[in-house]
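Data block below; observations after.
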2 protein chains.
Amino acid sequence: MITMRPLIHPSIEDVTVEGILHALADPVRVAIYAELASSACANICSNFLKVSDRSIPKSTLSQHFRALREAGLVRSERRGVEMHNTTRCDEIEKRFPGLLAAIMNAHRIQSADCARAVKRQQAAARKQAG
Amino acid sequence: MITMRPLIHPSIEDVTVEGILHALADPVRVAIYAELASSACANICSNFLKVSDRSIPKSTLSQHFRALREAGLVRSERRGVEMHNTTRCDEIEKRFPGLLAAIMNAHRIQSADCARAVKRQQAAARKQAG
DNA sequence: CCCGTAGTTCGTAACTTATGAACTATGGAA
DNA sequence: TTCCATAGTTCATAAGTTACGAACTACGGG
């Protein structure tokens with residue numbers, strides 16, 4: 001019987017910029033991180049089996065959470081059968097002031113741009129059709 | 001005879017946060033980017049055959065420049081036999097305000113921390129030896 | 001004690017990255 | 001011109017990373 005290895009949470013001094021950037025360079029992971037950061041409450045993994053209309057296999061999801069955890073971005077805690085995840089944004093803000101805010105802000109800008117582009121496309125399609 | 005493909009520079013609207021984070025998640029690439037950003041003048045690739053005391057094979061270096069270019073972070077221009085590289089930080093600053101500044105700042109903080117750690121280690125080693 | 005739910009691990013297939021060898025491109029000297 | 005040197009690129013492949021299904025662990029509740 002193979003026992004499960006304990007969850008790894010780097011101490012804040014061991015958190016690296018490269019690690020953070022790499023973790024947040026993945027669209028699924030930023031989406032998860034953004035959701036965790038925006039909802040004040042802790043959030044369980046299985047809430048993310050669907051992310052931006054795409055369904056994620058749970059083994060993949062588990063790896064994504066591991067990546068976020070080991071980059072130092074989230075803290076995961078077992079509570080019964082579930083895992084409660086919270087961001088470590090306060091700690092990271094102390095170590096790298098403004099970093100996460102700038103990244104999340106850039107993401108909001110990009111999503112807004114993208115939404116606009118989709119609307120434009122839809123309008124063009126309607127015009128062509130009608 | 002296989003002709004060389006032209007250099008690809010995405011237009012600023014096509015630059016993505018993921019792309020930027022991915023490009024800057026690599027230690028060699030941030031080091032290059034930081035150097036390009038700090039020196040006001042354009043800089044040729046072969047200046048970076050050594051990066052933070054590590055020597056980089058030139059094929060690898062070429063790929064790193066391609067990654068920076070295609071992420072929209074730098075603009076490369078052939079001048080005779082050399083390639084002149086400049087950052088596109090003004091454009092990116094307009095699209096994603098504060099993003100690059102925060103990332104580069106975080107990097108400076110991390111490097112400073114690292115330098116301190118090395119000094120501490122050296123001091124400890126001297127103490128043990130003497 | 002067994003079952004169901006929530007996550008993890010493992011094996012493997014698919015993708016990415018690093019690098020040496022061979023190439024292109026350009027400028028200058030003979 | 002032709003040849004050479006220098007600066008980068010491309011290509012093949014080896015090494016590393018990521019995705020995901022199947023089988024597992026862990027916990028809580030009948």
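Below, read A as the first sequence line, B as the second, and so on, with proteins coming before strands; counting in each chain starts at 1.
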With heavy-atom distances below 4.5 Å as the criterion, would you say the side chains of [X] and [Y] are in contact?
X: A:Ser76; Y: A:Arg66; value: no
X: A:Lys58; Y: A:Leu49; value: yes
X: A:His64; Y: A:Thr60; value: yes

Could you state the atom-to-atom distance from [atom1] of [X] to [atom2] of [N] in whole Å?
X: B:Ile32; N: D:dG8; atom1: CD1; atom2: P; answer: 12 Å
X: A:Leu61; N: D:dT18; atom1: CG; atom2: P; answer: 16 Å
X: B:Met83; N: D:dA7; atom1: CE; atom2: P; answer: 14 Å
X: B:Glu77; N: D:dT9; atom1: CD; atom2: C1'; answer: 18 Å
X: B:Gln63; N: D:dT10; atom1: CD; atom2: P; answer: 8 Å
X: A:Glu18; N: C:dT17; atom1: CD; atom2: P; answer: 16 Å
X: A:Ile8; N: C:dG7; atom1: CD1; atom2: P; answer: 19 Å
X: B:Asp26; N: C:dT16; atom1: CG; atom2: C1'; answer: 12 Å

Considering heavy-atom distances to DNA chain D, does A:Arg29 or A:Val81 have its closest nucleotide positioned more toward the 5' end? A:Arg29
Nearest heavy atom decides the nucleotide; on that basis, is A:Gly80 or B:Phe65 closer to the 5' end of DNA chain D?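 On the 5' side of the pair lies B:Phe65.
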Which one, [options], comes nearest to the side chain of [X]?
X: A:Pro57; options: C:dT24, D:dC20, D:dA26; result: D:dC20
X: B:Leu7; options: C:dT19, D:dT9, C:dG7; result: D:dT9
X: B:Arg5; options: D:dC11, C:dG7, D:dG8; result: D:dC11
X: B:Glu82; options: D:dG8, C:dA6, C:dT8; result: D:dG8
X: B:His64; options: C:dA18, D:dG8, D:dT25; result: C:dA18

With heavy atoms under 4.0 Å as the rule, sort B:Arg66 into base, sugar-phosphate or nothing.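 The residue B:Arg66 makes no contact with any strand.
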Which part of the nucleic acid, if any, lies within reach of A:Ser62 when heavy atoms closer than 4.0 Å are counted: base, sugar-phosphate only, or nothing?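 Base, at least one base heavy atom under 4.0 Å.
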Between B:Ile56 and A:Arg69, who's closer to the 5' end of DNA chain C by nearest nucleotide? A:Arg69
On DNA chain C, does the nearest nucleotide to A:Lys58 precede the nearest nucleotide to B:Ser59 from the 5' side, or the other way round? Give the residue.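 Of the two residues, A:Lys58 wins.
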Hydrophobic cluster identity match, A:Ile12 and A:Leu24, side-chain contacts under 4.5 Å: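 Yes, A:Ile12 connects to A:Leu24 through the hydrophobic network.
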Is any side-chain N of the basic residue among B:Glu13 and A:Arg116 closer than 4.0 Å to the acidic one's carboxylate O?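 Salt bridge: no.
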Reckon A:His22 has a side-chain N or O less than 4.0 Å from the OP1 or OP2 of D:dT18? yes
